[in-house]
Peer 1: 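Can you read through this structure? Questions will come right after.
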Amino acid sequence: MRIAIDGPASSGKSSVGRRVAEELHFGFLDTGLLYRAITRRAIDLGWFTAPVTAAEVAGAAYEQVRSDLTELARTTDAQGSGLSLTMVVGEVSLADTQLEAADVELYVPAVASIPSVRDALRAVQRNVAARGGSVLVGRDIGTVVLPDAECKIYLDATAEARSARRALQRGFSVGSSEHQSILTSLIARDAEDRARPVAPLVAAADATIIHTDEMALADVVEQVVAEARKVAR
Ligand code: C5P
């Protein structure tokens, strides 16, 4: 069985997906890490000199960058098995901590808006899903990567609830200036992910939508596991 979990930034997809996979003894892939890995490499290689939007990256000035990013995507893989896959771009393995940095979040929607990058990464995602029971989390898993997934979930929550959760996870108080900048960056990233012409963030028509504002993590996990068991019967 393949479980597709989509939703906006910081909607709890990774925490929920990982726990669901653990409970069902499935493999787990956070597909956002693939896009983050390529973005991390491009920043480290000096390909971006200033923040760029999805609209800008589609223009003629970025033709070489688009082509270079696509080459990077073709050498990208999620290596390992089970719950702990490592993102590898070319010969370079990237730790999750390197992928969570604020500069990555600034550039990643533009990188993820490039159709040829998405094509290359789709193959990686489908390979992981083909290994057996799997949970994939992202933006377009139920709509594009695994449109025939047996179980589709869309996790939603207000930007306020999501940013507050993320701030607390990072040790900042709700209402702090750090919380405010997390909220601003999350709203900008969602807007770019929803507006892009290719594989935008949207719930699949056949997804079960779970609003998590008032829910504890354990309750969301329980509901997803119950949905999966329902379709397995
Ligand atoms: O989920 P996460 O916040 O790590 O994703 C980082 C970025 O990667 C998203 O903002 C989005 O631009 C891109 N992404 C995507 N499709 C996916 C997963 C992530 O476009 N399936």
Side-chain angles (χ1 to χ4, degrees), residues 2 4-9 11 13-14 17 29-79 85 87-90 92 94 99 101 103-130 134 136-149 152 154-155 185-207:
R2 290 142 323 144
I5 305 181
D6 291 303
S11 55
K13 302 180 300 290
S14 295
L29 175 62
D30 177 352
T31 64
L33 295 179
L34 291 166
Y35 293 94
R36 286 172 181 259
I38 293 170
T39 306
R40 174 78 273 154
R41 286 299 295 143
I43 294 170
D44 292 348
L45 291 163
W47 293 357
F48 294 119
T49 47
V52 58
T53 63
E56 283 162 354
V57 99
Y62 281 89
E63 192 174 345
Q64 188 59 48
V65 172
R66 287 199 302 275
S67 154
D68 292 344
L69 284 165
T70 305
E71 282 312 307
L72 271 193
R74 291 190 179 132
T75 66
T76 296
D77 199 8
Q79 293 183 355
L85 300 184
M87 303 307 124
V88 180
V89 183
V92 182
L94 293 145
L99 305 180
D103 58 349
V104 171
E105 297 193 347
L106 208 55
Y107 293 100
V108 67
V111 172
S113 71
I114 301 168
S116 50
V117 166
R118 303 198 70 84
D119 288 346
L121 294 185
R122 192 179 319 119
V124 176
Q125 297 168 68
R126 286 183 177 162
N127 276 343
V128 172
S134 52
L136 267 66
V137 309
R139 301 290 187 291
D140 63 337
I141 310 302
T143 49
V144 176
V145 178
L146 303 173
D148 53 353
K152 295 185 190 178
Y154 187 88
L155 293 186
S185 135
L186 182 148
I187 289 173
R189 203 144 60 89
D190 284 352
E192 293 240 39
D193 289 339
R194 288 194 171 104
R196 69 175 173 230
V198 177
L201 167 65
V202 63
D206 52 350

Peer 1: Counting C-beta onward and ignoring hydrogens, is there a side-chain heavy-atom pair between Pro8 and Asp193 closer than 4.5 Å?
Peer 2: no
Peer 1: Please examine the side chains of Arg2 and Ser134, heavy atoms only from C-beta on, and report whether any two atoms are closer than 4.5 Å.
Peer 2: yes
Peer 1: Is Glu192 salt-bridged to Arg189, going by a charged N under 4.0 Å from an acidic O?
Peer 2: no
Peer 1: Is any side-chain heavy atom of Arg40 less than 4.5 Å from a side-chain heavy atom of Ile43?
Peer 2: yes
Peer 1: Under the salt bridge (charged side-chain N to carboxylate O under 4.0 Å, His left out) criterion, do Lys152 and Asp6 qualify, and how do the steps go?
Peer 2: CA-CA 8 Å; Lys152 295 185 190 178; Asp6 291 303; over 6 Å; no
Peer 1: Strictly distance-based, threshold 3.5 Å: is any side-chain N or O of Arg36 a donor or acceptor partner for the main-chain N or O of Val108?
Peer 2: no
Peer 1: Go through Ile38 and Leu121 one step at a time and tell me if the side chain to side chain contact (heavy atoms under 4.5 Å, CB included) criterion holds.
Peer 2: CA-CA 10 Å; Ile38 293 170; Leu121 294 185; 3.7 Å; yes
Peer 1: Below 4.5 Å, heavy atoms only, C-beta onward: do Gln125 and Ile141 meet side chain to side chain?
Peer 2: yes
Peer 1: With a 4.5 Å limit on heavy-atom distance, are the side chains of Leu29 and Leu34 in contact?
Peer 2: yes
Peer 1: Got a second to check how far Met87's CE is from Asp30's CG, nearest 0.5 Å?
Peer 2: 7.0 Å
Peer 1: Thr75 vs Glu71, test: side chain to side chain contact (heavy atoms under 4.5 Å, CB included). Steps then yes/no.
Peer 2: CA-CA 7 Å; Thr75 66; Glu71 282 312 307; 5.7 Å; no
Peer 1: So, Arg118 side chain and Ala112 main chain: donor-acceptor pair closer than 3.5 Å or not?
Peer 2: yes
Peer 1: Do the non-hydrogen side-chain atoms of Val104 and Thr39 ever get within less than 4.5 Å of each other?
Peer 2: yes
Peer 1: Where does the angle between the aromatic ring planes of Tyr107 and Phe48 fall among parallel (under 30°), tilted (30 to 60°) and perpendicular (over 60°)?
Peer 2: parallel
Peer 1: Go through the steps to decide whether Val145 and Thr31 satisfy the test side chain to side chain contact (heavy atoms under 4.5 Å, CB included), and finish with yes or no.
Peer 2: CA-CA 10 Å; Val145 178; Thr31 64; over 6 Å; no
Peer 1: Please answer whether the main-chain N or O of Pro200 pairs with a side-chain N or O of Arg139 as donor and acceptor at a distance below 3.5 Å.
Peer 2: no
Peer 1: Hey, are the side chains of Leu94 and Arg41 touching, using non-hydrogen atoms and a 4.5 Å cut-off?
Peer 2: yes
Peer 1: Could you walk me through whether Trp47 and Leu72 pass the side chain to side chain contact (heavy atoms under 4.5 Å, CB included) test, one step at a time?
Peer 2: CA-CA 12 Å; Trp47 293 357; Leu72 271 193; 3.7 Å; yes
Peer 1: Would you say Arg194 and Val202 make side-chain contact, with heavy atoms under 4.5 Å?
Peer 2: no
Peer 1: Can you tell me how far apart OH (Tyr35) and OG1 (Thr76) are? Round to the nearest 0.5 Å.
Peer 2: 10.5 Å
Peer 1: Is a side-chain donor or acceptor of Lys13 paired with a backbone partner of Gly7 at a separation under 3.5 angstrom?
Peer 2: yes
Peer 1: Quick one: does any side-chain atom of Arg196 pair with a main-chain N or O of Ile114 as donor and acceptor, under 3.5 Å?
Peer 2: no
Peer 1: How many angstroms lie between atom CG of Leu69 and atom CG of Leu45, to the nearest 0.5 angstrom?
Peer 2: 9.5 Å
Peer 1: Atom CG of Asp206 and atom OG1 of Thr143: how far apart are they, to the nearest 0.5 Å?
Peer 2: 10.0 Å
Peer 1: Do other residues, nucleotides or ligands put more than 12 heavy atoms under 6.0 Å from the CD atom of Glu63?
Peer 2: no
Peer 1: Which atom names give the shortest non-hydrogen contact between Ala120 and Ala73, and what distance separates them?
Peer 2: CB-CB, 3.7 Å
